[in-house]
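We name chains A, B, ... by the order of the sequence lines, and we start the count at 1 in each one. Given the structure is predicted, the values throughout are model-derived calculations rather than measurements.
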Amino acid sequence: MVVTDQLVDLVRAGLESLVAAGSLPAESVPEPSFERPRNREHGDWATNVALVVAKGVGKPRDVAQALADAIEPSGLVESVEVAGPGFLNFRLSPAWLHDVVRRAALSEGFGRSTKGAGRKVNVEFVSANPTGPINVVSGRHAAVGDTIASLLQATGHEVIREYYFNDAGRQMLLFGASVGARYLQHFGRETDLPEDGYKGDDVISIAHMIAEQIGDSMIEAEPAKLAQRMLELAWPPILENTKRSLERFGTRFDVWFSESTLHERGQVTAAIDKLREKDLIEERDGAVWFLSSRLGDDKDRVVIRSNGEPTYSAADLGYVVNKFSRGFDRLIYLWGADHHGTVARFMAAVEALGFDRSSVEVPLVQIVSLVRGGEQIKASKREGVYVALDELIDEVGVDAARYTFLTRSIDAPLEFDIDLVKEQAPENPVYYVQYAHARICSILRKAIDEGHQADASTAPLDALVHPAEDELMRKLASYEEVVPEAAERRAPQRITHYAEELASTFTAFYRDCKVVSDDRTLTAARLALCVATRVVIADALGLLGVSAPERM
RNA sequence: GCGCCCGUAGCUCAGUGGAUUAGAGCGUCCGGCUACGGACCGGAAGGUCGGGGGUUCGAAUCCCUCCGGGCGUACCA
């Protein structure tokens, strides 16, 4: 049982006995919460529960003292004292830290919880249209979405990673027309790119590829037919490249979801009909409108244009119904902050379609701005301005790239200076963390060579009394708080920061405590601590999708 | 105008209700390699947590307001 749960039980029992004695009203008993005090003089764990219940009952310190007296002694708790305005500070026996070391070293679900057990979550991220190579902006989304998904799995959720792609519709036909223009140019025809068309050079190479495949058979085709045909030929190989790049980047999706299948199955129309039944649909100016303003949106939104084509957000209606029909309890849509203006409309649709708004969340990843040659450039696929994810991987490697994306909060805009990132790649903190891991592996190899055993289940952990050992054990213990918090807050950066702290704490231990020595008891204990640290570093890096090398 | 995000050390950023020492990396300055891996380590300088008001026993953290920056505000996505 995790130590905080045991403490909660102890304190709850104490509170209940105060209620039974009449010194606390029954309705004022909250779930006690525990935290690790920053200052070590304040004990191992502290709760503010007395401050919370004291309101209208008495002085916080008096309540705290009464509660401290009411808490039954146990083998776990060495002392409970009242401090500051009314905190209860707990000092624990060394056994809890030893338990941490053993559980971590033996990999028995350390850092895992079952909080989300039985909950099925869909995490949809990246979802870039297959109009060209996947870029670094998508790279940030891939790293973040993948890690959020891993964190949810670590807290017991069943998770599906999903990629939604556009293979139809106005925007994609524009892309098809752009490819068509390049196709015609390939055969020497004088043709301009469509206005707002896709201007990137990669469109040229796609057109060349198609030209080799089908020859000049389409050069006399009607523009609309040409665009449609080019689109059909272009997107599948582009999507394949996207899959390959993302897999190379360590991100694997469970489901690749095609927008056009929603239309083919009539799910978009069905969703609109459902809104119509609720009188949330109106025809105006020849278009069909969703009256989203009745549900918190700024204004109503078109779902079917006056030319009869559904809008992209109409597909979203069918898609959310489709997702829920697959049995998910929660949908997470990781969107770019430049789409935040559509969140209100989307949430209005969720409600209108009969779903609970609180079961859908849309974390927004702030924009990535590109800097190249000291100048800020606006990344745009249509303008052909971007840095390809493959290029980033080639230059700095997967580990450094992912790690960089995962050190920042999703709320922080990311300035991506491609020159600077390449230059600073060797100084990336990821190597500090990986180095600590490799160093531990090296120590363990040496110890085993010399006939020592690294068996945490039998190691005499009482021998660990040095302050640096104590610090390291405490840092390991906090992993069990960090993972659920990172998961709940959708905050991968908590894991990167923790990994650096753990590596740094280990390095201090390494400096002060020689692991392998003639003292076999002490060596056995320290080896167990090393194993525990190695496991936790590897686990944290694993959540981030970063490798944990045994040698560097 | 309205909406969302941001404003913390010279720079890039963590910390988002807890304890009169607010942290890290980089940069700057000083010092350290005869131990299991120096991709390192120790120390120093550097902060009105954008300004003001409020809530609270307690605020960088919550609320209001102002200032500054980014993004959005389409029958594009």
Taking B:A77, B:C75, B:C71 as options, the one with an atom nearest any side-chain atom of A:Y312 is B:A77
Winner on side-chain proximity to A:E500, out of B:A24, B:C75, B:C4, is B:A24
Of A:R301 and A:T342, the one whose closest nucleotide on RNA chain B sits nearer the 5' end is A:R301
Just distance, no hydrogens or angles: give the donor-acceptor pairs under 3.5 Å from side chains in residues 285-295 of chain A, sequence neighbours left out.
from   : atom 1 : to     : atom 2 : distance (Å)
A:W289 : NE1    : A:R284 : O      : 3.1
A:S292 : OG     : A:D297 : OD2    : 2.9
A:S292 : OG     : A:K299 : O      : 2.9
A:S293 : OG     : A:D300 : OD1    : 2.7
A:R294 : NH1    : A:D279 : O      : 3.2

Rounded to whole angstrom units, what separation is found between the [atom1] atom of [X] and the [atom2] atom of [N]?
| X | N | atom1 | atom2 | value |
| --- | --- | --- | --- | --- |
| A:L51 | B:A59 | CG | C1' | 15 Å |
| A:D297 | B:A74 | CG | P | 11 Å |
| A:E427 | B:C26 | CD | P | 8 Å |
| A:F87 | B:G18 | CZ | P | 9 Å |
| A:L502 | B:A24 | CG | P | 17 Å |
| A:R345 | B:C4 | CZ | P | 17 Å |
| A:F290 | B:C75 | CZ | P | 15 Å |
| A:K299 | B:G72 | NZ | C1' | 11 Å |

In whole angstrom, give me the gap between the [atom1] atoms of [N] and [M].
| N | M | atom1 | value |
| --- | --- | --- | --- |
| B:U61 | B:G18 | C1' | 11 Å |
| B:G58 | B:C11 | C1' | 33 Å |
| B:G42 | B:G27 | P | 16 Å |
| B:A19 | B:C13 | P | 26 Å |
| B:A59 | B:G15 | C1' | 14 Å |
| B:U16 | B:A77 | P | 38 Å |
| B:U20 | B:A35 | P | 42 Å |
| B:G31 | B:A45 | C1' | 15 Å |

I'd like to check, for A:H42, whether its ring lies over the base of B:A19 with centroids under 5.5 Å apart and a plane angle smaller than 30°. yes
Residues passing the side-chain contact (heavy atoms from CB on, under 4.5 Å) test with A:P194, sequence neighbours excluded, are A:L174, A:A177, A:S178, A:A181
Those residues at least two apart in sequence (or on a different chain) that pass side-chain contact (heavy atoms from CB on, under 4.5 Å) with A:E427 are A:Q424
* Other residues, nucleotides, ligands: >12 heavy atoms within 6.0 Å of A:E550 CD -> no
B/S/- along nucleotides 30-40 of chain B (protein heavy atoms under 4.0 Å) is -----BBBSBS
Taking Watson-Crick and G-U wobble contacts under 3.5 angstrom, with | marking pairs to another strand and [ ] crossing pairs, the secondary structure of RNA chain B is written (((((((..((((....[....)))).(((((.......))))).....(((((..]....))))))))))))....
Exercise for the section: Classify the angle between the aromatic ring planes of A:W335 and A:F346 as parallel (below 30°), tilted (30 to 60°) or perpendicular (above 60°). Expected result: tilted
Could you tell me whether [X] contacts a base, only the sugar-phosphate backbone, or nothing, with contacts defined as non-hydrogen atoms closer than 4.0 Å?
| X | result |
| --- | --- |
| A:A344 | nothing |
| A:A287 | base |
| A:N166 | sugar-phosphate |
| A:N89 | base |
| A:N129 | sugar-phosphate |

Residue pairs meeting side-chain hydrogen bond (donor to acceptor under 3.5 Å, both in side chains), one or both in residues 511-522 of chain A, sequence neighbours left out, come to A:S517-A:T523
Residues pairing under side-chain hydrogen bond (donor to acceptor under 3.5 Å, both in side chains) where one sits in residues 433-453 of chain A, two or more places apart or in two chains, turn out to be A:D399-A:Q434, A:Q434-A:S547, A:K446-A:E450
Across all chains, not counting sequence neighbours, the ring pair (Phe, Tyr, Trp, His ring centres under 6.0 Å) partners of A:Y198 are A:F175
Applying side-chain hydrogen bond (donor to acceptor under 3.5 Å, both in side chains) to A:Q493 and not counting sequence neighbours gives none
Sorted by chain and number, sequence neighbours left out, side-chain hydrogen bond (donor to acceptor under 3.5 Å, both in side chains) with A:Y319 holds for A:E162
For nucleotides 13-17 of chain B, print each protein N/O atom paired with a nucleotide N/O atom at under 3.5 Å, atom names and distance only.
from  : atom 1 : to     : atom 2 : distance (Å)
B:C13 : OP1    : A:R408 : NE     : 3.4
B:A14 : OP1    : A:S409 : N      : 2.6
B:A14 : O2'    : A:H497 : NE2    : 3.4
B:G15 : OP1    : A:Q493 : NE2    : 2.8
B:U16 : OP2    : A:R494 : NH1    : 3.4
B:U16 : OP2    : A:R494 : NH2    : 2.1
B:G17 : OP1    : A:R489 : NH2    : 3.4

Assess A:K323 against A:Y164: is NZ or CZ under 6.0 Å from the centre of the six-membered ring, and within 45 degrees of the ring's axis?
no
**Report entry** A:C441 vs A:R551 side-chain heavy atoms within contact, under 4.5 Å
**Finding:** no
Using side-chain heavy atoms (C-beta onward) and a distance below 4.5 Å, is A:F165 in contact with A:S127? no
Here the ring-ring contact (aromatic ring centres under 6.0 Å, His included) pairs for residues 491-520 of chain A, sequence neighbours left out, are A:Y479-A:Y498, A:F506-A:F509
